[in-house]
Asker: 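Quick one: structure below, then a few questions.
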Amino acid sequence: MKIRPMLEGLGAALLLFPSYMEFLIPSNLPLYHHGLPVTNLIGGVLVDLLCITILATCFLFAIQYLSTASQGIVRALFAGIMLWRIVDVAFKYWIATTTLNNSRYTFWWSAERIRSCVVILLLAVTLGYFLPRIAQPAERAVRLLVAAFAFSALWTVPHLIHLALLRQPEGFVAFNHLTASAHSEPNKRIVWILFDELSYDQIFDHSFTGMELPNFNRLRTQSVSFSNLSPVGFYTDRIIPSIFMGRRIDQIRGTLDGRLLYKDGSQNRWLAYDPSATFFALAQQNGWTTGVDDWFNPACQLLASTLDVCFSEFSDSQILTTEEYGASEEKSVLVNAAAPWNEFIAKLTNRRTQQPANAHVIAYRNVMTHAYTLIENDQVGFLYVHLPIPHPPGIYDRQRHILRPGGNYLDNMVLADDTLGTLLQQIDTSPSASRTTVIVSSDHSWRVPLWKSDESWTAEEGRASRGRFDERPVLLIHFPGQTSGHDVASAQPELLEHDIISDMLLGKMNTPEDLEAFVAKHSQ
């Protein structure tokens, strides 16, 4: 038996089913955000690679029994498919590893990849039929490249097996170390609610015509608000760790065991993110119990040593491709291996498959369930809740005020307002209401340049955005008993949140007047 078709079959499998590459990205960010062991997921991927290798090898052997004319066309078509896969995989891998604003390229390539496939396949078949003398050398070169690519399995497969056996530490997703005797600062409580992608401009300055956001507006009239806050970054997984630590983070990468490495502007080397340098550690040092209910960031792993209770939600955060097909770590290897094939059959038969919005609904519901639990638990003195709204995709009907896949950013804005009202009501009826400081913020504003390239972008969103990106995030701080509002109109950096919260934890900031004096001092 010739070895060449088997090498080509393995190379073809690696190109046709590139889901394994998400586990090999040097930054390890998909694994960092995934937050769960990946043993069964990788097992399913390896089974799929084996099956596709066998099928592709059999196909290449079968070609030899076709007529000469048919062989030329089929080989040209195979070479065209492989050439397109090489282009597609290379481009996607570049997007995943570049430090540029890669999400824009992702949206662009999603639209262009089908066109590129059609062009390459038409060109290959045309040359194979009309100009075989030109097509044959090109086809041999592509197939040689595919066979050579098969040797990457000598590194890829052992690495995947090693990763599959490397279980993530316990407590990655949730833990509760509170005891019956645990008690925080008796006269104070801080509840910090962060809405992902909430725009100050869209809430307060240029609300969309006919859209009402009564809870945000009411809270603003009873809080110190910051109307000219400059964001610390563009991406959530850099911004939030920056605020926690009070230090701007420019680049991040993960490790296989779930730790975070970062670079900042002051030094060009990777540093380990130190939870003891965050204000959660400061809180515990000063007698506060700490709780986190996070979305997208693996807070329970990142901050484990500084938290008493934690929940991390990953339902649709950096979801792996195999999970989009229905695979899951909770399922067996064989069930995960069957998931892509089931998805393929579903598309052929026009059966409806799970949409990203469905996963976003699940994420929202899970975060809210944990938020209710933590707010009701009076033992948690310093509580941080990170909500996955109004971040797209749309999951709300703002006319009927019901959760459902669909809608757009404006619908999610109304959901954010309704959610704020629900959480504030729960805080107001809790035993600690009279001693609770409420912080409402966002990590970044509505990233119009990013989302307007997505196929889900609507004309209504275009009118609401006015074709511009207002980068101001939200920061509202309501102190216990506060009944009047004050706006800080001077330009302030978002990292100021770290210093404000730190002073609160140290007992240096207890009233609106303290905050106003703090801002005045830092503005000098």
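Fair warning: this is a prediction, and the values are worked out from it, not measured in the lab.
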Asker: Drop me the distance from Asp237's CG to Ser242's OG, to the nearest 0.5 angstrom.
Answerer: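 Reported value, rounded in 0.5 Å steps: 9.5 Å.
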
Asker: Quick check for you: to the nearest 0.5 Å, what is the distance between Ile240 atom CD1 and Ser441 atom OG?
Answerer: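 It comes to 8.0 Å.
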
Asker: If every non-hydrogen atom of Leu10 is compared with every non-hydrogen atom of Ala153, which pair is closest and at what distance?
Answerer: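 It is CD2-CB, 3.9 Å.
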
Asker: Between atom SG of Cys310 and atom CG of Leu303, what is the distance when rounded to the nearest 0.5 Å?
Answerer: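 The SG atom of Cys310 sits 7.5 Å away from the CG atom of Leu303.
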
Asker: Which class fits the ring pair Trp295 and His360: parallel under 30°, tilted 30 to 60°, perpendicular over 60°?
Answerer: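 Rings of Trp295 and His360: perpendicular, over 60°.
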
Asker: How close do Leu302 and Pro275 get, counting heavy atoms only, and between which atoms?
Answerer: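 Nearest pair, atom of Leu302 first, then Pro275: O-CB, 3.6 Å.
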
Asker: Could you report the tightest heavy-atom contact between Ala150 and Leu7, atom names first, then the distance?
Answerer: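 Nearest heavy atoms, Ala150 then Leu7: CB-O, 3.2 Å.
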
Asker: Examine distances only and state if a side-chain atom of Glu471 and a backbone atom of Ser445 form a donor-acceptor pair shorter than 3.5 Å.
Answerer: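 Checking the backbone N and O of Ser445 against the side chain of Glu471, no donor-acceptor pair under 3.5 Å is found.
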
Asker: Would you find a donor on one side and an acceptor on the other, under 3.5 Å apart, between the side chain of Ser312 and the backbone of Cys300?
Answerer: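 Here the side-chain-to-backbone pair exists.
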
Asker: To the nearest 0.5 Å, how far apart are SG in Cys51 and CZ in Phe17?
Answerer: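 Reported value, rounded in 0.5 Å steps: 10.0 Å.
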
Asker: Should we say atom CZ of Arg466 is surrounded by more than 12 heavy atoms from elsewhere, each under 6.0 Å from it?
Answerer: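 Result for CZ/Arg466: enclosed.
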
Asker: Closer than 3.5 angstrom, by distance alone: can the side chain of Ser442 be matched with the main-chain N or O of Pro473 as a donor-acceptor pair?
Answerer: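 Looks like no, no N/O pair under 3.5 Å.
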
Asker: Using a 3.5 Å distance criterion without hydrogens, assess whether the side chain of Thr39 forms a donor-acceptor pair with backbone atoms of Ala164.
Answerer: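 Yes, Thr39 side chain to Ala164 backbone: donor-acceptor pair under 3.5 Å.
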
Asker: Aromatic ring centroids of Tyr409 and Trp446 under 6.0 Å?
Answerer: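 So the answer is yes for these two rings.
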
Asker: Is there a donor-acceptor pair closer than 3.5 Å between any side-chain N or O of Asn28 and the backbone N or O of Gly254?
Answerer: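 A pair under 3.5 Å: yes.
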
Asker: Do Leu55 and Phe59 make a side-chain contact, defined as non-hydrogen atoms from C-beta onward lying under 4.5 Å apart?
Answerer: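 They are not in contact (no side-chain heavy atoms under 4.5 Å apart), so the answer is no.
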
Asker: Are side-chain heavy atoms of Leu403 and Leu415 found at a separation under 4.5 Å?
Answerer: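 Counting from C-beta outward, Leu403 and Leu415 do come under 4.5 Å.
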
Asker: Once you measure the plane-to-plane angle for His33 and Phe296, does it fall in the parallel (<30°), tilted (30-60°) or perpendicular (>60°) bin?
Answerer: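 Parallel, since the angle between the ring planes stays under 30°.
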
Asker: Whether the side chain of Gln71 engages the backbone of Gln64 through a donor-acceptor N/O pair (distance < 3.5 Å, no angle test) should be reported.
Answerer: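 Yes, Gln71 side chain to Gln64 backbone: donor-acceptor pair under 3.5 Å.
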
Asker: Angle between ring planes, His386 versus Tyr384, binned at 30° and 60°: parallel, tilted or perpendicular?
Answerer: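 It falls in the tilted class, 30° to 60°.
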
Asker: I would like to know whether Ile252 and Leu260 meet side-chain contact (heavy atoms from CB on, under 4.5 Å); could you show each step before the answer?
Answerer: CA-CA 7 Å; Ile252 63 170; Leu260 178 66; 3.7 Å; yes

Asker: Please name the pair of heavy atoms, one in Val380 and one in Leu383, separated by the smallest distance, quoted to 0.1 Å.
Answerer: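 Scanning both residues completely, I find the closest heavy atoms to be CG1-CB, 4.0 Å.
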
Asker: For the residue pair Leu307 and Thr290, what are the closest heavy atoms and their distance?
Answerer: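 Of all heavy-atom pairs spanning Leu307 and Thr290, the closest is CA-OG1, 3.1 Å.
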
Asker: Quickly, which of Tyr262, Phe280, Phe279 forms a side-chain contact (heavy atoms from CB on, under 4.5 Å) with Met245? Name it, please.
Answerer: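 Exactly one option meets the side-chain contact (heavy atoms from CB on, under 4.5 Å) with Met245, and it is Tyr262.
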
Asker: Decide yes or no on side-chain contact (heavy atoms from CB on, under 4.5 Å) for Asp293 and Glu313, but give the supporting numbers first.
Answerer: CA-CA 8 Å; Asp293 178 17; Glu313 177 57 38; 5.7 Å; no

Asker: So, the side chain of Glu139 versus the backbone of Ala76: is there a donor-acceptor pair under 3.5 Å, distance only?
Answerer: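 No, because the side chain of Glu139 does not come within donor-acceptor range (under 3.5 Å) of the backbone of Ala76.
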
Asker: Between Gln202 and Leu410, is a side-chain contact (heavy atoms from CB on, under 4.5 Å) present by the stated rule, with each step listed?
Answerer: CA-CA 9 Å; Gln202 290 295 315; Leu410 301 177; 4.2 Å; yes

Asker: Roughly how far apart are Thr255 OG1 and Tyr273 OH, rounded to 0.5 Å?
Answerer: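 The OG1 atom of Thr255 sits 14.5 Å away from the OH atom of Tyr273.
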
Asker: Checking the side chain of Arg398 only, and the main-chain atoms of Val414 only, is there a donor and an acceptor separated by less than 3.5 Å?
Answerer: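 Checked: no pair found.
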
Asker: Which word best sums up how the rings of Phe244 and Trp192 line up, parallel for under 30°, tilted for 30 to 60°, or perpendicular for over 60°?
Answerer: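 Rings of Phe244 and Trp192: perpendicular, over 60°.
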
Asker: With a 4.5 Å cut-off on side-chain heavy atoms, are Lys263 and Arg269 touching?
Answerer: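 The answer is no, as the side chains (C-beta and beyond) never meet within the 4.5 Å cut-off.
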
Asker: Evaluate the side-chain contact (heavy atoms from CB on, under 4.5 Å) criterion for residues Ile389 and Ile395: first the C-alpha distance (whole Å), next the side-chain angles of each, then the deciding distance (0.1 Å), finally the verdict.
Answerer: CA-CA 9 Å; Ile389 53 170; Ile395 58 171; 4.1 Å; yes

Asker: Is it true that a side-chain atom of Asp443 and a backbone atom of Tyr235 form a donor plus acceptor pair closer than 3.5 Å?
Answerer: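 The answer is no, because no donor-acceptor pair under 3.5 Å joins these two groups.
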
Asker: Quick test of your reading: applying salt bridge (charged side-chain N to carboxylate O under 4.0 Å, His left out), list the pairs with at least one residue in residues 242-255, sequence neighbours left out, ordered by first then second residue.
Answerer: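 Non-adjacent pairs meeting salt bridge (charged side-chain N to carboxylate O under 4.0 Å, His left out): Arg247-Asp264, Arg248-Asp250.
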
Asker: Among Asp411, Asn412, Asp418, find the one that has a side chain to side chain donor-acceptor pair (under 3.5 Å) with Tyr396.
Answerer: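 Only one of Asp411, Asn412, Asp418 forms a side chain to side chain donor-acceptor pair (under 3.5 Å) with Tyr396, namely Asp418.
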
Asker: The criterion is ring-ring contact (aromatic ring centres under 6.0 Å, His included); which residues satisfy it with His177, sequence neighbours excluded?
Answerer: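 His177 satisfies ring-ring contact (aromatic ring centres under 6.0 Å, His included) with Phe175 only.
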
Asker: Judged by atom type as modelled, is there a donor-acceptor pair below 3.5 Å linking the side chain of Arg447 to the main-chain atoms of Phe234?
Answerer: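 Pair found, side chain donor or acceptor close to backbone of Phe234.
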
Asker: Which atom pair, heavy atoms only, marks the closest approach of Leu163 to Leu31?
Answerer: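 Shortest heavy-atom contact: CD2-CD1, 3.6 Å.
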
Asker: Kindly compute the distance separating NE2 (His162) from CD1 (Ile42), expressed to the nearest 0.5 Å.
Answerer: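 Separation between the atoms: 10.0 Å.
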
